[in-house]
Participant: 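Just passing along the structure, written as structure tokens.
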Amino acid sequence: MPKYKEIALALKERIVEGKHQEGSKLPEQESLAREFKTSRVTIRKAIQLLIDEGLLYTRRGSGTFIRSNIRQDNENVTQVNNVFGTSSQENTNVTSKIIRFDVRFPTDYERRLSATYFRSPSCKSWV
């Protein structure tokens, strides 16, 4: 598991256990980076996961805060999903539905764009 996900789980566990109170400010990113022996970039990614889950929010210039409307039990707090890298509720299946499917030829414009892309040095495609 990537380090940022491990950190997100550790922070989530602290929130659920009440070590960080709802409505309170999360420690500064620099102090979390020192504590977890990692970079601020990794801490930011972990915090972003928890923001995406709705556990945290940021206030520009003020810091990152723990939402006050989360529940303090593991059953109702979302779990980090290793497959999608986001979150999903426990006991919930992720599904998709194809609404429309078409096969068509590219327009002249799309052909020119793809031809330019596939001839560029940055393209490593076998086409």
Side-chain angles (χ1 to χ4, degrees):
M1 176 184 301
K3 181 134 185 164
Y4 74 95
K5 288 185 181 182
E6 290 176 16
I7 294 168
L9 285 172
L11 291 173
K12 182 191 293 186
E13 190 173 297
R14 291 178 186 179
I15 293 167
V16 170
E17 291 174 355
K19 292 178 183 171
H20 294 298
Q21 297 296 315
E22 290 183 1
S24 69
K25 185 177 176 182
L26 200 65
E28 298 293 326
Q29 291 181 8
E30 290 87 3
S31 65
L32 288 172
R34 280 191 302 275
E35 178 185 344
F36 288 102
K37 296 177 177 64
T38 190
S39 67
R40 277 189 58 220
V41 172
T42 303
I43 296 298
R44 270 198 304 265
K45 285 178 78 173
I47 287 172
Q48 188 59 52
L49 272 180
L50 299 178
I51 289 171
D52 292 345
E53 288 190 37
L55 294 176
L56 303 176
Y57 67 96
T58 58
R59 243 189 255 151
R60 186 172 289 242
S62 297
T64 304
F65 296 85
I66 299 156
R67 290 206 177 273
S68 57
N69 60 350
I70 63 170
R71 299 202 177 142
Q72 291 290 336
D73 57 353
N74 283 320
E75 293 175 20
N76 294 313
V77 177
T78 58
Q79 302 296 313
V80 173
N81 184 316
N82 291 329
V83 176
F84 297 105
T86 57
S87 66
S88 64
Q89 294 291 335
E90 289 185 47
N91 301 320
T92 301
N93 293 324
V94 177
T95 61
S96 61
K97 178 180 177 183
I98 297 174
I99 297 172
R100 181 178 168 187
F101 180 82
D102 287 335
V103 176
R104 65 176 181 80
F105 291 104
T107 64
D108 288 337
Y109 175 72
E110 291 167 336
R111 270 195 299 277
R112 283 193 307 275
L113 281 178
S114 65
T116 303
Y117 172 76
F118 287 117
R119 279 184 276 178
S120 72
S122 62
C123 176
K124 296 180 175 38
S125 175
W126 52 270
V127 177

Participant: One pair to check against side-chain contact (heavy atoms from CB on, under 4.5 Å): I7 and L32. What are the steps and the verdict?
Facilitator: CA-CA 9 Å; I7 294 168; L32 288 172; over 6 Å; no
Participant: Of the non-hydrogen atoms in T42 and Y4, which two are nearest, and what is the gap between them?
Facilitator: O-CB, 3.6 Å
Participant: Does any part of the side chain of L9, heavy atoms only, come nearer than 4.5 Å to the side chain of E13, both counted from C-beta?
Facilitator: no
Participant: Please write out which residues are connected to I99 in a hydrophobic cluster, directly or through intermediates, given that two of Ile, Leu, Val, Met, Phe, Trp, Tyr count as joined at side-chain heavy-atom separations below 4.5 angstrom.
Facilitator: none
Participant: By the rule that ILVMFWY residues connect when side-chain heavy atoms come within less than 4.5 angstrom, directly or transitively, which residues belong alongside F101?
Facilitator: I98, V103
Participant: Considering all heavy atoms of both residues, which atom of L49 and which atom of A8 are nearest to each other, and what is their separation?
Facilitator: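 Shortest heavy-atom contact: CD1-CB, 4.0 Å.
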Participant: Can you find a heavy atom in the side chain of L26 that is under 4.5 Å from one in the side chain of I66?
Facilitator: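 Contact flag for L26/I66 side chains = yes.
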Participant: Is there any salt bridge (charged side-chain N to carboxylate O under 4.0 Å, His left out) pair reaching into residues 35-47, and which pairs are they, with sequence neighbours excluded?
Facilitator: R14-E35, E30-R40
Participant: Within a strict 4.5 Å, meaning less than it, do heavy atoms of the L56 and I15 side chains meet?
Facilitator: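 Touching, per the 4.5 Å side-chain cut-off.
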Participant: Identify the two heavy atoms, one from E53 and one from K12, that lie closest to each other, and give their separation to 0.1 Å.
Facilitator: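 Minimum heavy-atom contact is OE1-NZ, 3.0 Å.
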Participant: Which residues satisfy the salt bridge (charged side-chain N to carboxylate O under 4.0 Å, His left out) test with K3, sequence neighbours excluded?
Facilitator: none
Participant: Under 4.5 Å between side-chain heavy atoms, chaining through other members, with only Ile, Leu, Val, Met, Phe, Trp and Tyr counted: pull out the rest of the cluster around Y57, sorted by chain and number.
Facilitator: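 Result for Y57 is F65.
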Participant: Compare all side-chain heavy atoms of H20 with those of P27 and state whether any distance is below 4.5 angstrom.
Facilitator: yes
Participant: Using the side-chain contact (heavy atoms from CB on, under 4.5 Å) criterion, which residues pair with F105? Sequence neighbours excluded.
Facilitator: none
Participant: Please report the interatomic distance CG(L11) to NZ(K19), rounded to the nearest 0.5 Å.
Facilitator: 11.5 Å
